[in-house]
Amino acid sequence: MINKEIKKHFPILNQEINGHPLVYLDSAATSQKPVQVIEAMKAYYELDNSNVHRGVHTLGNRATEKYEGAREKVRNFINARSTEEVIFLRGTTTAINLVAQSYGRANVEEGDEIVITYMEHHSNIIPWQQLAKERGAVLKYIELEEDGTISLEQVRAAITERTKIVSMVYVSNVLGTMNPVKEVAEIAHQHGAVMVVDGAQAAPHLKIDVQELNCDFFAFSGHKMVGPTGIGVLYGKKELLNAMEPVEFGGEMIDFVGLYDSTWKELPWKFEGGTPIIAGAVGLGAAIDFLTEVGLNNIERHEHEMAAYAMDRMSTIEGLNIYGPADPEQRAGIVTFNLDGVHPHDLATVLDMHGVAVRAGHHCAQPLMKWLDVTATARASFYLYNSEADVDRLVDGLRIAKEYFKDVF
Ligand code: PLP
């Protein structure tokens, strides 16, 4: 269960910022790391550090076991059929770019369609823009409902027989909206398109089952799920990955290298050119152990409760607008807002003066900002180490900011 004890596992949270105990509400940007993850990476460097897949010595074998052991943990975490379907990369951005550059280039032709939504992170927009330009394809956007949700009618209206790729965020990093990606995958498949899921904000917060979702690709980042930066995962269905060409060439990913031609290793290594992020994988494995012990269902429930409490308390502040679905059950622990007359950057600065860390800006989602008709917003994002007391501190800070700017203007 999730209780106050959990916070004790995160040493960074035990500090003061500007004379106040830190309240960290920016986990959607990156989460904090428990001591278990920090220790696992430290132990790896102190005891086992070596390169993988080539050593005949003991350290090399230990490093390989840890790296491949982490892959098995990821496989189990997302319920992939096989570790061949789990590719270690730098993060969500790299994973989506790999799909666009490899699968996209080979399968999208002039006049074909790539379908995304207005609520995508730049990482799930620009790779498709580039692909569309290169192939002469059409990039289409699924319309959003007024409350920032997606209806299957709009999905059906956007996907046609020319659609080759549908790519959608599972949980919006701005609105917190949880999208019906399983149903969207079904519609995509009915039209012969593949379904790519941006799972960056989902993997930290929900139980992921790629077989149940029946998506073709699923991308996520370790650093948002209490793991280290620099490691992320692309899940892909084996038959699709097998047919795809690598986009990075060099050591580790080859089988045979001749003077003018080379062949690749089998899955998943053909996509992992160069020395991999070994300590990162070890840290991600420890993060998965930690989250699994807490229980993803408990984390999801906790986030709905945090969102509900935050929305309830914040709605008592006059002039404060919250974006996204009104029903906290329809969103993860992300609450994006603006306070009338106060720029979100100024708001975030005043909150920081009181020890409360929130994000302000366009959140790497400029098309969504345009759709919301704002230039920027403030965002509080909650994770398993946050409590109602943290929301209270946020609300106190917002009231102070409101008073402060009333005098300034
Ligand atoms: N997609 C979403 C929904 C995100 O929130 C983020 C990061 O904020 C990304 C993609 C990109 O993740 P990364 O920077 O780890 O590649």
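Order of appearance sets the numbers: ligands from 1, and atoms from 1 within every ligand.
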Taking atom CD of Glu300 as the centre, does the number of heavy atoms from other residues, nucleotides or ligands within less than 6.0 Å exceed 12? yes
Thr92 neighbourhood, listing ligand 1 atoms whose heavy-atom distance to it stays under 4.0 Å: 10 (C), 12 (O), 16 (O)
May I ask you to check if ligand 1 and Thr93 share an N or O to N or O distance below 3.5 Å? yes
Can you label the angle between the Tyr385 ring and the Tyr24 ring as parallel, tilted or perpendicular, going by 30° and 60°? tilted
Less than 6.0 angstrom separating the ring centers of His362 and His122, yes or no? yes
Quick one: which of His122, Lys224, His363 has a heavy atom closest to atom 7 (C) of ligand 1? Lys224
Just which atoms of ligand 1 are under 4.0 Å from any heavy atom in Gln201? 3 (C), 4 (C), 5 (O)
Numbered in order shown, the ligand 1 atoms found under 4.0 Å of a heavy atom of Ala200 are 1 (N), 2 (C), 4 (C), 6 (C), 9 (C), 10 (C)
Please tell me if the side chains of Arg379 and Asn173 come closer than 4.5 Å, counting only heavy atoms from C-beta onward. yes
Residue, atom and distance of the protein heavy atom nearest atom 10 (C) of ligand 1 read Asp198 OD2, 3.4 Å
Would you say the side chain of Glu303 lies within less than 4.5 Å of the side chain of His205, judging by non-hydrogen atoms? yes
Should the ring pair His20 and His354 be called parallel, tilted or perpendicular, given that the plane angle runs from 0 to 90° and is split at 30 and 60? tilted
Indicate, as side chain, backbone, both or neither, the part of His223 found under 4.0 angstrom from ligand 1 when only non-hydrogen atoms are considered. side chain
Out of all atoms in ligand 1, which are within 4.0 Å of some heavy atom of Asn173? Include the element for each. 5 (O)
Show which atoms of ligand 1 fall inside a sub-4.0 Å distance from at least one heavy-atom site of Ser221. 12 (O), 13 (P), 15 (O), 16 (O)
Hey, looking at atom 9 (C) of ligand 1, which of Met119, Arg359, His121 has the closest heavy atom? His121
Whether Arg162 and Glu113 form a salt bridge (side-chain N of Lys/Arg under 4.0 Å from carboxylate O of Asp/Glu) is what I want to check. no
Number the atoms of ligand 1 from 1 as they appear, then name those within less than 4.0 Å of a heavy atom of Val169, with their elements. 3 (C)
Taking atom types as modelled, is there a side-chain donor on Lys270 or Asn242 under 3.5 Å from an acceptor on the other? no
